[in-house]
Trainee: 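Take this structure, written in structure tokens, and hold onto it; I'll ask about it next.
Only heavy atoms go into these numbers, but all of them, side chains included; no hydrogens, no water, no symmetry mates.
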Amino acid sequence: MLLLMTLRSGLAQSKMQAIRFLHTTGRQKMGPNCRNLIQKRWKSTTVSEIAAPARAAVGSLPNSSAERIMGRWLLVCSGMVAGAVILGGVTRLTESGLSMVDWHLIKEMKPPATQEEWQAEFEKYQQFPEFKILNHEMTLNEFKFIWFMEYSHRMWGRAVGLAYILPAVYFWRKGWFSRGMKGRVLGLCGFVCFQGLLGWYMVKSGLEEKPESYDIPRVSQYRLAAHLGSAIVLYCASLWTGLSLLLPKHKLPETRQLLQLRRFTHWTTGLVFLTALSGAFVAGLDAGLVYNSFPKMGEKWIPDDLLAFSPTFKNFFENATTVQFDHRILGISSVAAITGLYYFSRRVPLPRRAKLALNSLIAVAYLQVTLGISTLLLYVPTSLAAAHQSGSLALLSMALWLMNELRRLPK
């Protein structure tokens, strides 16, 4: 009905324009060829002129409504990515990540149903180093627990992929994406697929036989850092885009102090990201179990084995003592930077929402450092360690929120 009304009104307007043109020009002065040319041109252009607004009336929403829907969608997606990061951390802490020894996109979605299927899955696990070195006395029921932990993480990852891709296809067909938004959405969807492949690439490193080593089998800390880092980048990009679509920009005066505050916030957010990424090396090397004291490491401020490896740069990625030391320094530096940011911001008149983001940032920062110290002193209990990892995402979220509140208005 709306389409018919639009077409009728458009046709009427176009006809009136043609009549006025004929009267202005002087119909008596035109030959039959000229009149035929005008009629043909009117018929050919009318439909194309009317079709665009008709399609817009039927197939799209006002820009503000579409942006709100897409913003909420991306916030949901970022929340699901955060859930995947937390679930992956718990999977790592319960040493469940190597329980599924192969990867199939569709086939593994159905878990074992019978005793025979479970036994076959357990026998596959028994062929790999983790069972031979660490879990050689594990029972089938114990194996089921770690298997379901890894299975849950993988299924959640697939749900994240669908949460990005299916709505993106729908919104694309509706024509809601601008040119710039299309590029962002393609990047996010591609990154989700890349993240799944990177996860399996990480797991493979823990399944490899190493005859010369009798250490506890674990995944490569480099691949773990890449997997976690890419998940955090995906989370940040989704959260930033969602907030940008939902929150109206503030008309802040571009003073020198505001520019300094904005720059300070960017550097602080980068430091928080780097601290979270260094946590992947702590997890990959079990570095949280090396020196369980604070503020000193053992009896010293700087331990003797801080640079025990040669060449020196390897210590920053492969020496558990150095990795823990670096994480401590980065964590303390992040809290100090956030505290400085808070006091510096008091010189700048900020809107209410920006002040709320700043207060939330400093509150989460001190909660996070408390969780980190408690996790260290209590020898990394699973619940506290998972809360500490969740806190890193919460802290990064607050920093991104503040950045978003301080962003420039487009010129």
Trainee: Can you confirm whether W240 sits close enough to R407 that some side-chain heavy atom of one is under 4.5 Å from a side-chain heavy atom of the other?
Mentor: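 A side-chain contact exists here, since the closest heavy-atom pair is under 4.5 Å.
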Trainee: If you round to the nearest 0.5 Å, how far is CG of L207 from OH of Y125?
Mentor: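 Nearest 0.5 Å value for the OH-CG distance: 9.5 Å.
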Trainee: Between Q389 and V85, is there a donor-acceptor pair closer than 3.5 Å when you use the side chain of the first and the backbone of the second?
Mentor: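 At least one qualifying donor-acceptor pair exists.
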Trainee: With a sphere of 6.0 Å drawn around CZ of R184, does it hold more than 12 non-hydrogen atoms of other residues, nucleotides or ligands?
Mentor: no
Trainee: State, yes or no, whether a side-chain contact exists between D102 and H104 at a heavy-atom distance under 4.5 Å.
Mentor: yes
Trainee: Once you round to the nearest 0.5 Å, how far does CD of Q195 lie from CG of L228?
Mentor: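 The distance works out to 8.5 Å.
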Trainee: Give the minimum heavy-atom separation between G298 and S293, together with the two atoms involved.
Mentor: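 Between these two residues, the closest heavy atoms are N-OG, 2.9 Å.
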Trainee: Can you tell me how far CG of L261 sits from OG1 of T255, rounded to the nearest 0.5 angstrom?
Mentor: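 The OG1 atom of T255 sits 9.0 Å away from the CG atom of L261.
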Trainee: State, to 0.1 Å, how close L395 and I338 come at their nearest heavy-atom pair, and which atoms those are.
Mentor: CD1-CD1, 3.8 Å
Trainee: List the steps and the verdict of side chain to side chain donor-acceptor pair (under 3.5 Å) for S238 and Y164.
Mentor: CA-CA 10 Å; S238 303; Y164 274 95; 2.5 Å; yes
Trainee: Nearest 0.5 Å, what's the CG-CG distance between N319 and L307?
Mentor: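 Atom-to-atom, N319:CG and L307:CG are 8.0 Å apart.
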Trainee: Does any N or O in the side chain of Q119 come within less than 3.5 Å of the main-chain N or O of Q115, such that one atom is a donor and the other an acceptor?
Mentor: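 Pair absent, no side-chain N/O of Q119 close to backbone of Q115.
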Trainee: If every non-hydrogen atom of T94 is compared with every non-hydrogen atom of F145, which pair is closest and at what distance?
Mentor: CB-CE2, 4.5 Å
Trainee: Would you check, one step at a time, whether the test side chain to side chain contact (heavy atoms under 4.5 Å, CB included) holds for S152 with M149?
Mentor: CA-CA 5 Å; S152 301; M149 286 297 303; 5.9 Å; no
Trainee: About how many Å separate CG of L367 and CD1 of I362, when rounded to the nearest 0.5 Å?
Mentor: 13.0 Å
Trainee: How about Y366 and T339: does a side-chain donor come under 3.5 Å of a side-chain acceptor?
Mentor: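 Yes, because at least one side-chain N or O of Y366 sits under 3.5 Å from a partner of the opposite role on T339.
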Trainee: When you compare the side chain of E95 with that of I146, does any pair of heavy atoms fall below 4.5 Å?
Mentor: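 Result no, sub-4.5 Å side-chain heavy-atom pair not found.
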Trainee: Do you know the tightest heavy-atom contact between H388 and Q368?
Mentor: O-NE2, 2.9 Å
Trainee: Could you tell me whether the side chain of F264 reaches within less than 4.5 Å of the side chain of S345, counting heavy atoms only?
Mentor: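 No, side chains not in contact.
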Trainee: Determine whether W156 and V160 satisfy the following criterion, side chain to side chain contact (heavy atoms under 4.5 Å, CB included), listing intermediate values before the conclusion.
Mentor: CA-CA 6 Å; W156 187 266; V160 171; 3.8 Å; yes
Trainee: Report yes if some heavy atom in the side chain of L396 is under 4.5 Å from a heavy atom in the side chain of S392; otherwise report no.
Mentor: no
Trainee: Kindly state whether the ring of F148 and the ring of W118 have centres lying under 6.0 angstrom apart.
Mentor: yes
Trainee: Do you know which two heavy atoms are closest between S205 and M202, and how far apart they sit?
Mentor: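 Nearest pair, atom of S205 first, then M202: OG-O, 2.5 Å.
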Trainee: State, with a plain yes or no, whether a side-chain heavy atom of L402 is found less than 4.5 Å away from one of L341.
Mentor: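 SC-SC contact between L402 and L341 confirmed.
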Trainee: Does E405 come within less than 4.0 Å of R262, counting only side-chain N to carboxylate O?
Mentor: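 No salt bridge links E405 with R262.
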Trainee: Around atom CZ of F344, are there more than 12 heavy atoms of other residues, nucleotides or ligands at under 6.0 Å?
Mentor: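 Atom CZ in F344 is packed in, count exceeds 12.
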Trainee: Nearest 0.5 Å, what's the OG1-OH distance between T321 and Y291?
Mentor: 4.5 Å
Trainee: Hey, are the side chains of P112 and W147 touching, using non-hydrogen atoms and a 4.5 Å cut-off?
Mentor: yes
Trainee: Counting heavy atoms not belonging to I302, are there more than 12 under 6.0 Å from its CD1?
Mentor: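 Counting neighbours around CD1 of I302, 12 or fewer heavy atoms of other residues, nucleotides or ligands fall under 6.0 Å, so no.
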Trainee: With a cut-off of 3.5 Å and sequence neighbours excluded, list every side-chain donor-acceptor pair involving residues 271-288.
Mentor:
residue : atom : partner : partner atom : Å
T275    : OG1  : L271    : O            : 2.8
T275    : OG1  : L330    : O            : 3.3
T275    : OG1  : S334    : OG           : 2.9
S278    : OG   : T275    : O            : 2.7
S278    : OG   : H327    : ND1          : 2.6
D286    : OD2  : R218    : NH2          : 3.0

Trainee: Mark yes or no for whether N315, through its side chain, and T312, through its backbone, hold a donor-acceptor pair below 3.5 Å.
Mentor: yes
Trainee: Within a radius of less than 6.0 Å around CZ of F317, do more than 12 heavy atoms belonging to other residues, nucleotides or ligands occur?
Mentor: no
Trainee: Locate the shortest heavy-atom distance separating S96 from S99; write the atom from each residue and the value.
Mentor: O-OG, 2.8 Å
Trainee: Sub-3.5 Å donor-acceptor pair from the side chain of N404 to the main-chain atoms of L400, do we have one?
Mentor: no
Trainee: Taking the basic N atoms (NZ, or NE/NH1/NH2) and the acidic carboxylate oxygens, is any pair closer than 4.0 Å for E150 and R154?
Mentor: yes
Trainee: F191 versus V233: any side-chain heavy-atom pair under 4.5 Å?
Mentor: yes
Trainee: Could you tell me whether R223 sits above the aromatic face of Y201, with NZ or CZ closer than 6.0 angstrom to the six-membered ring centre and within 45 degrees of the axis?
Mentor: yes
Trainee: Please indicate whether K144 has more than 12 foreign heavy atoms, meaning atoms of other residues, nucleotides or ligands, lying under 6.0 Å from its NZ.
Mentor: yes
Trainee: Determine whether Y235 and S397 satisfy the following criterion, side chain to side chain donor-acceptor pair (under 3.5 Å), listing intermediate values before the conclusion.
Mentor: CA-CA 9 Å; Y235 171 78; S397 302; 2.3 Å; yes
Trainee: Determine whether F171 and I69 satisfy the following criterion, side chain to side chain contact (heavy atoms under 4.5 Å, CB included), listing intermediate values before the conclusion.
Mentor: CA-CA 10 Å; F171 296 148; I69 292 172; 3.8 Å; yes
Trainee: Would R346 and Y342 count as a side chain to side chain contact (heavy atoms under 4.5 Å, CB included) if you check the C-alpha gap in whole Å, the side-chain angles of each, and the deciding distance to 0.1 Å?
Mentor: CA-CA 7 Å; R346 298 175 70 174; Y342 175 79; 4.3 Å; yes
Trainee: Is it true that, when you exclude W172 itself, more than 12 heavy atoms of the residues, nucleotides or ligands shown sit nearer than 6.0 Å to its CH2?
Mentor: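 Count over threshold, so yes.
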Trainee: Who are the salt bridge (Lys or Arg N to Asp or Glu O under 4.0 Å) partners of K182, not counting sequence neighbours?
Mentor: none
